[in-house]
Trainee: 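Here's a structure for you.
All values reported here derive from a predicted model rather than from experimental measurement.
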Amino acid sequence: MSGAAKSTRSGGAARGRGRRWTSLRVRLIVVFGLVALAAAVSASGIAYWLNREAVLTRTQDTALRDFKQQMQNRAAVLPLLPTENELRRTAEQMASDGDGYSVLLLGEREEGKPIIGASDPDRFTLADVPPPLRTAVNEERKAAADGAAYHVFWLRTSKGGTPYLVGGTRIIGGGPTGYLYKSLEPERQDLNSLGWSLGVATLLALLGSALLAQFAATTVLRPVHRLGEAARRLGEGRLDTRLRVSGTDELAELARTFNSAAESLQKKVADMSAREESSRRFVADMSHELRTPMTALTAVTEVLEEEQDGLDPMIAPAVALVVSETRRLNTLVENLMEVTRFDAGTAKLVLDDVDVADQVTACIDARAWLDAVELDAERGTVARLDPRRLDVILANLIGNALKHGGSPVRVSVRTDGDDLVVRVRDHGPGIPEEVLPHVFDRFYKASASRPRSEGSGLGLSIAMENALIHGGDITASNSPDGDGAVFTLRLPKDGSGVARPEDPEEGRDVRESDGARQGNDVPGDEGQRGGRQTDA
């Protein structure tokens, strides 16, 4: 696989992923999920924080209250200078009767000689008491407002990854200083369980919001999808497409608006189609009705032209004008008939194997252009085309170059794969850039000051229609060196893939028209080049 193909495939995949991520359904689910996630995380965070504070506050209040009571009942009754055994026994009693904490009592054997009694020396020593707490406990204070003879201080710390509550107090007026050391591991486990529960609840809320978003997206997007499908069918030309309206919400109002617009569009298209069909029928009928008088006029003008040399010099110019205008009118009628066939879709191909070099030579020779045209074509280039329509195309392109370009006109024939390429180049002033997009338009006038010209303005448009019916195309451009214009005809060498069977009546009508034309009288066989001499 080439790099370009890989790039195209990767680009298409990227665009597909981009469309998936920017779809309304995905955006709704994402928005619902984000809102639910934010709400759940906020609610869970607040609940966790409130429960954490409540659990820790309840645990520490219970422990400190019990420790305070123990200090009042046991430590306060010790002598001012207790022994180490007395302190240890009292600490063990306070710990055994307390709420699962260890106790450390600090007294003085004599001034400046502290003694320590611990309920569990292996678990709780004086080194486990944070210095800030010891400082706060040792500061002298007056009796509390409630009459208590001591103040209780506390803080939370950790040891070996385990959280602890450490509290302390000192008997005012003399007596031991007591510290408690309580593990908060059970509370942490309870809070961890609560955190997991809240996390699961958040996840469930997120999943529930995704399901709710999916349901909401389906409810909202189903009418939008139906509206999109209806718009697509309407764009494909199925103007009878309507939406079923139910409810009174905004989507129902949108469906009503769509139905109203579709009904109005259908009516307008029907009116325009009727007017277009009427106009096309009028042009076709008019063209057919004009053929009989035009045949008579053509016969009369031929007689007048033969006798023109023997006419009165005062009458001869008028006769010449009548002959010229009659021929122009005859060409216009034939062109209009050809155009109506294209518009009605009744133009068909009559295919035959054609030697393109011989066909171009015959076209040039029949119109006496051999001296003005240079042909670059190899004989033996055979294509399956409609010879009459190819002759029409060549006559218009070469005639246009001769009338509005500059000599010499060069015609080259080449093959490009399965395509036949014919280029017609002149050496004139070229085509103005603003005119190039319109050279194949019907009746296009490059200058409004020249509404009348030799041609009808249909030549190049008929050539283009004949190319399109073959499955080909014609492009117009200026030569890169700025010397003249280039028209490029590209046709498939085998037109069987696009040919439709010819209607017998239409084929007879076309052949009759061909028989009525001689020399230059082919559909659209007149000059047409915007911005130079005549109308485009």
Trainee: Counting N and O atoms only, with roles assigned by atom type, does the side chain of H470 sit under 3.5 Å from a partner on the main chain of D386, one being a donor and the other an acceptor?
Mentor: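 Answer holds: yes.
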
Trainee: Quick one: are I462 and V392 in side-chain contact, heavy atoms under 4.5 Å?
Mentor: yes

Trainee: Just to verify, what does P408 make a side chain to side chain contact (heavy atoms under 4.5 Å, CB included) with, not counting sequence neighbours?
Mentor: E374, H427

Trainee: Side-chain contact, heavy-atom cut-off 4.5 Å: F487 with N400?
Mentor: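 Yes, side chains in contact.
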
Trainee: With respect to T475, which candidate in V486, L489, V439, T488 satisfies the side-chain contact (heavy atoms from CB on, under 4.5 Å) definition?
Mentor: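 Exactly one pass, corresponding to T488.
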
Trainee: Who are the side chain to side chain contact (heavy atoms under 4.5 Å, CB included) partners of E433, not counting sequence neighbours?
Mentor: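 E433 satisfies side chain to side chain contact (heavy atoms under 4.5 Å, CB included) with L436, N478 only.
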
Trainee: Under a 4.0 Å N-O cut-off, is there an ion pair linking D391 with R367?
Mentor: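 Salt bridge: yes.
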
Trainee: Who passes side chain to side chain contact (heavy atoms under 4.5 Å, CB included) against P317, sequence neighbours left out?
Mentor: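 For P317 there are no side chain to side chain contact (heavy atoms under 4.5 Å, CB included) partners, ignoring immediate neighbours.
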
Trainee: Using modelled atom types and a 3.5 Å cut-off, is there a donor and acceptor pairing between side-chain atoms of D355 and backbone atoms of G380?
Mentor: yes

Trainee: When you look at CZ of R242, are more than 12 heavy atoms from neighbouring residues, nucleotides or ligands closer to it than 6.0 Å?
Mentor: yes

Trainee: Counting C-beta onward and ignoring hydrogens, is there a side-chain heavy-atom pair between L370 and L375 closer than 4.5 Å?
Mentor: no

Trainee: Between E465 and S461, is a side-chain contact (heavy atoms from CB on, under 4.5 Å) present by the stated rule, with each step listed?
Mentor: CA-CA 6 Å; E465 294 288 354; S461 65; 5.5 Å; no

Trainee: Taking all heavy atoms of A467 and all of I474, pick out the closest pair and write down the distance.
Mentor: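 Residues A467 and I474, closest heavy atoms: CB-CG1, 3.7 Å.
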
Trainee: Would you give me the side-chain donor-acceptor pairs under 3.5 Å for residues 233-241, sequence neighbours excluded?
Mentor:
{"from": "E236", "atom 1": "OE2", "to": "R232", "atom 2": "NH1", "distance (Å)": "2.7"}
{"from": "T241", "atom 1": "OG1", "to": "R238", "atom 2": "O", "distance (Å)": "2.7"}

Trainee: Nearest 0.5 angstrom please: D441 CG to L460 CG, how far?
Mentor: 10.0 Å

Trainee: Minimum heavy-atom separation for A231 and F258, please, with both atom names.
Mentor: N-CZ, 3.9 Å

Trainee: Would a 4.5 Å heavy-atom cut-off, applied to side chains only, mark V360 and V413 as touching?
Mentor: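 Sidechains of V413 and V360: in contact.
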
Trainee: Got a sec, which residues hit side chain to side chain contact (heavy atoms under 4.5 Å, CB included) with E378, two or more places apart in sequence or on another chain?
Mentor: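 By the side chain to side chain contact (heavy atoms under 4.5 Å, CB included) rule, E378 matches no residue at all.
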
Trainee: Sequence neighbours excluded, which residues qualify as salt bridge (Lys or Arg N to Asp or Glu O under 4.0 Å) partners of R188?
Mentor: E185

Trainee: Can you list every pair that meets side chain to side chain donor-acceptor pair (under 3.5 Å) and has a residue in residues 252-262, with sequence neighbours left out?
Mentor: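 Not a single pair qualifies under side chain to side chain donor-acceptor pair (under 3.5 Å).
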
Trainee: Taking side chain as C-beta onward, heavy atoms only, is N51 less than 4.5 Å from L198?
Mentor: no

Trainee: Kindly give the heavy-atom pair with the smallest separation between A395 and C363, and that separation in Å.
Mentor: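 What the structure gives for the nearest pair is N-SG, 3.7 Å.
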
Trainee: Heavy-atom distance under 4.5 Å between the side chains of L402 and V373, does that happen here?
Mentor: yes

Trainee: Before accepting this row, confirm whether a basic side-chain N of the pair D376/R414 lies closer than 4.0 Å to the acidic partner's carboxylate O.
Mentor: yes

Trainee: With a 6.0 Å cut-off (strictly less than), is the heavy-atom count around CG of D371, excluding the residue itself, greater than 12?
Mentor: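 No, not enclosed.
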
Trainee: Would you give the length of the straight line joining atom CG of N466 to atom CG of L349, rounded to the nearest 0.5 angstrom?
Mentor: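 CG of L349 is found 8.5 Å from CG of N466.
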
Trainee: Could you state the interatomic distance from CG (L191) to CD (E53), rounded to the nearest 0.5 Å?
Mentor: 9.5 Å

Trainee: Can you tell me which residue pairs pass the salt bridge (Lys or Arg N to Asp or Glu O under 4.0 Å) test with a partner in residues 257-267, sequence neighbours excluded?
Mentor: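 Residue pairs with at least one partner in residues 257-267: K267-D271.
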
Trainee: Under the rule for salt bridge (Lys or Arg N to Asp or Glu O under 4.0 Å), what residues qualify as partners of D419, not counting sequence neighbours?
Mentor: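 Partners of D419 under the salt bridge (Lys or Arg N to Asp or Glu O under 4.0 Å) test: R490.
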
Trainee: So L227 and L254, do their side chains get closer than 4.5 Å, heavy atoms only?
Mentor: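 Heavy-atom side-chain distance check passes, below 4.5 Å.
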
Trainee: List for me each residue that meets side-chain hydrogen bond (donor to acceptor under 3.5 Å, both in side chains) alongside R423, sequence neighbours excluded, and say none if there are none.
Mentor: none

Trainee: For the residue pair L385 and L491, establish whether any side-chain heavy-atom pair is separated by less than 4.5 Å.
Mentor: yes

Trainee: Set out, in order, the CA-CA distance, both residues' side-chain angles and the distance that settles side-chain contact (heavy atoms from CB on, under 4.5 Å) for V411 and I398, then state yes or no.
Mentor: CA-CA 8 Å; V411 179; I398 299 173; 3.9 Å; yes

Trainee: Who are the side-chain hydrogen bond (donor to acceptor under 3.5 Å, both in side chains) partners of D353, not counting sequence neighbours?
Mentor: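 D353 satisfies side-chain hydrogen bond (donor to acceptor under 3.5 Å, both in side chains) with R384 only.
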
Trainee: Mind running salt bridge (charged side-chain N to carboxylate O under 4.0 Å, His left out) on K493 and D416 for me, showing each step along the way?
Mentor: CA-CA 10 Å; K493 289 195 292 186; D416 182 10; over 6 Å; no

Trainee: side-chain contact (heavy atoms from CB on, under 4.5 Å) for D494 and D418? Distances and angles first, verdict last.
Mentor: CA-CA 8 Å; D494 187 357; D418 294 332; over 6 Å; no

Trainee: How many angstroms lie between atom OG of S477 and atom CZ of R425, to the nearest 0.5 angstrom?
Mentor: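 That separation rounds to 10.0 Å.
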
Trainee: S44: what forms a side-chain hydrogen bond (donor to acceptor under 3.5 Å, both in side chains) with it, not counting sequence neighbours?
Mentor: T202

